[in-house]
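Owing to the predicted nature of the structure, the values given are computational and were not obtained by experimental measurement.
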Amino acid sequence: MSERIFGHIPGYPVGSWFESRAALSEAGLHRPQVAGISGTEGEGADSIVLSGGYEDDADWGNEIVYTGHGGRDRGTGKQITHQKLSRGNLALAKSRLAGLPVRVIRGSTHKSNYSPPHGYRYDGLYRVEDHWQERGRAGYYIWRYRLIKSAEAGIEDSQAATESKGSYSVPQRQETTVLRIVRDTKLTRKIKEAYNYHCQICKIRLEGSAGPYAEAAHIRPLGMPHNGSDSLDNLLCLCPNHHVLFDYGAFAIADDLSLIGIEGSLTLVDGHCLGQANLRYRREHYFLGS
DNA sequence: GGGCCCGCAGGG
DNA sequence: CCCTGCGGGCCC
């Protein structure tokens with residue numbers, strides 16, 4: 001079993017067509033032969049298939065409301081119990097928390113204007129914007145997921161061809177809208193796990209029904225013109241509040257790791273060293289004090 | 001086209 | 001190991 005890949009699969013651009021689930025699995029676009037959700041409770045979900053198996057699904061092309069799995073009678077396929085936030089359902093929720101991209105595949109048996117006439121078609125990357133439970137048409141609670149087509153698909157398309165090593169796609173750009181889309185990479189996940197999702201400033205650990213939430217913050221930003229490095233000595237594990245305060249220049253970190261601008265001190269676990277040049281860069285370019 | 005059932009491979 | 005899941009083929 002190979003490593004799970006989040007993001008595009010090299011060699012299979014958006015629009016790629018497959019005759020069967022077996023062919024989809026072989027390509028690595030969606031590995032399970034039958035299940036609609038691919039992923040684990042720990043890693044998150046990397047792909048889904050829309051095949052019309054659940055009557056509550058809705059599809060508007062760039063926006064999908066997908067139904068979780070479980071609670072159905074094996075023989076008749078009818079909903080006979082509530083669905084639980086476990087297995088693939090929890091995996092999709094984890095992808096939301098981590099901002100991971102989900103490959104969406106539409107099958108011909110999925111009844112919508114966006115389904116292919118035959119077989120299965122890879123329709124690109126979506127993000128999980130929301131998840132909640134509601135009563136389905138059969139009267140039992142089902143889990144639902146709102147998926148939004150990724151706006152940065154074009155960037156990733158060109159990137160996927162050259163670079164797709166490892167199990168996480170590398171973000172080129174971070175959307176900074178009201179809702180911060182912070183996509184997990186191998187490194188950002190590593191920093192969060194090193195601190196067990198505790199904020200390095202206030203030590204708080206936020207936990208929702210689908211698990212803990214934290215954000216990885218680059219000290220010296222990535223990309224032009226900052227050109228910070230994507231490495232552990234340039235990363236912090238923060239709660240959303242302190243991430244915002246850090247990015248907006250409310251505080252900075254001194255060479256001796258004391259905080260400037262706010263009270264408190266920075267927590268550092270064994271083996272995590274911060275680059276002094278990174279700390280200096282942040283102080284000089286974002287912090288107004290001193 | 002609907003119902004049935006034999007499957008696989010993934011994941012806990 | 002056991003259980004499950006938006007296949008797929010073959011009946012009728």
Side-chain angles (χ1 to χ4, degrees), chain A residues 1-6 9 16-61 63-98 100 102-126 128 131-147 149 167-168 189 209-211:
Chain A
M1 189 179 71
S2 54
E3 215 176 355
R4 185 174 310 285
I5 296 176
F6 289 85
I9 304 295
S16 295
W17 181 87
F18 303 85
E19 184 170 9
S20 65
R21 287 290 299 262
L24 265 178
S25 182
E26 179 74 15
L29 273 180
H30 185 83
R31 298 194 312 202
Q33 299 279 351
V34 177
I37 305 171
S38 169
T40 66
E41 297 185 349
E43 296 172 288
D46 57 316
S47 60
I48 60 169
V49 174
L50 286 84
S51 292
Y54 286 87
E55 57 186 6
D56 299 281
D57 281 352
D59 189 357
W60 302 281
E63 181 178 348
I64 297 165
V65 177
Y66 188 75
T67 305
H69 61 196
R72 299 205 299 180
D73 182 77
R74 191 170 163 73
T76 66
K78 287 200 163 65
Q79 207 72 32
I80 54 170
T81 58
H82 302 308
Q83 292 185 346
K84 288 185 287 191
L85 191 61
S86 61
R87 305 161 138 266
N89 296 349
L90 183 54
L92 268 176
K94 283 286 170 65
S95 288
R96 178 190 179 196
L97 292 189
L100 292 169
V102 178
R103 290 184 297 276
V104 167
I105 294 118
R106 286 185 175 87
S108 61
T109 51
H110 168 61
K111 292 307 166 202
S112 91
N113 298 331
Y114 307 95
S115 344
H118 305 288
Y120 299 87
R121 189 188 59 224
Y122 173 46
D123 283 342
L125 301 178
Y126 286 64
V128 184
H131 77 285
W132 68 95
Q133 56 184 339
E134 66 184 41
R135 282 191 190 275
R137 295 183 195 178
Y140 295 98
Y141 278 112
I142 57 174
W143 282 96
R144 311 210 72 191
Y145 303 85
R146 185 183 310 280
L147 295 144
K149 184 145 192 178
S167 61
Y168 296 85
R189 181 168 172 178
S209 61

Which whole-number value in Å describes the distance from [X] [atom1] to [N] [atom2]?
X	N	atom1	atom2	value
A:Arg21	C:dC6	CZ	P	8 Å
A:Lys84	B:dG12	NZ	P	14 Å
A:Lys111	C:dC6	NZ	P	18 Å
A:Leu24	C:dC6	CG	C1'	12 Å
A:Leu90	C:dT4	CG	C1'	16 Å
A:Tyr114	C:dC6	OH	C1'	20 Å
A:Ile105	C:dG7	CD1	C1'	15 Å
A:Asp46	B:dG11	CG	C1'	13 Å

Out of [options], whichever nucleotide has its closest atom nearest the side chain of [X]:
X	options	value
A:Tyr66	B:dC8, C:dC6, B:dG11	C:dC6
A:Ala35	C:dG5, C:dG7, B:dG11	C:dG5
A:Glu41	C:dG7, B:dG12, C:dG5	B:dG12
A:Gln33	C:dT4, B:dA9, C:dG7	B:dA9

Kindly indicate whether a cation-pi arrangement holds for A:Arg72 with A:Tyr54, taking the cut-offs as under 6.0 Å to the six-membered ring centre and within 45° of the axis. yes
Which part of the nucleic acid, if any, lies within reach of [X] when heavy atoms closer than 4.0 Å are counted: base, sugar-phosphate only, or nothing?
X	result
A:Gly107	nothing
A:Ser20	sugar-phosphate
A:Gly88	nothing
A:Leu50	base

Phosphate-side-chain proximity, [X] and [N], N/O vs OP1/OP2 below 4.0 Å:
X	N	value
A:Arg87	B:dG11	no
A:Tyr120	C:dG7	yes
A:Ser51	C:dG7	yes
A:Arg31	B:dC8	no

So A:His131 and A:Leu92, side-chain contact (heavy atoms from CB on, under 4.5 Å) or not? Walk me through it. CA-CA 8 Å; A:His131 77 285; A:Leu92 268 176; over 6 Å; no
In Watson-Crick or G-U wobble terms, both distances under 3.5 Å, what is the partner of C:dC6? none
Looking at B:dG7, which nucleotide sits across from it as a Watson-Crick or G-U wobble partner, both distances under 3.5 angstrom, or is there none? none
Report each atom pair, protein N/O against N/O of nucleotides 4-7 of chain B, whose distance is under 3.5 angstrom.
residue, atom, partner, partner atom, Å
B:dG7, O6, A:Arg74, NH2, 2.2

If you measure from the Lys or Arg side-chain nitrogens to the Asp or Glu carboxylate oxygens, is any gap between A:Arg146 and A:Glu63 under 4.0 Å? yes
Would you give the length of the straight line joining atom CG of A:Leu90 to atom OG of A:Ser95, rounded to the nearest 0.5 angstrom? 10.0 Å
More than 12 foreign heavy atoms under 6.0 Å from CD of A:Glu19: is that the case here? no
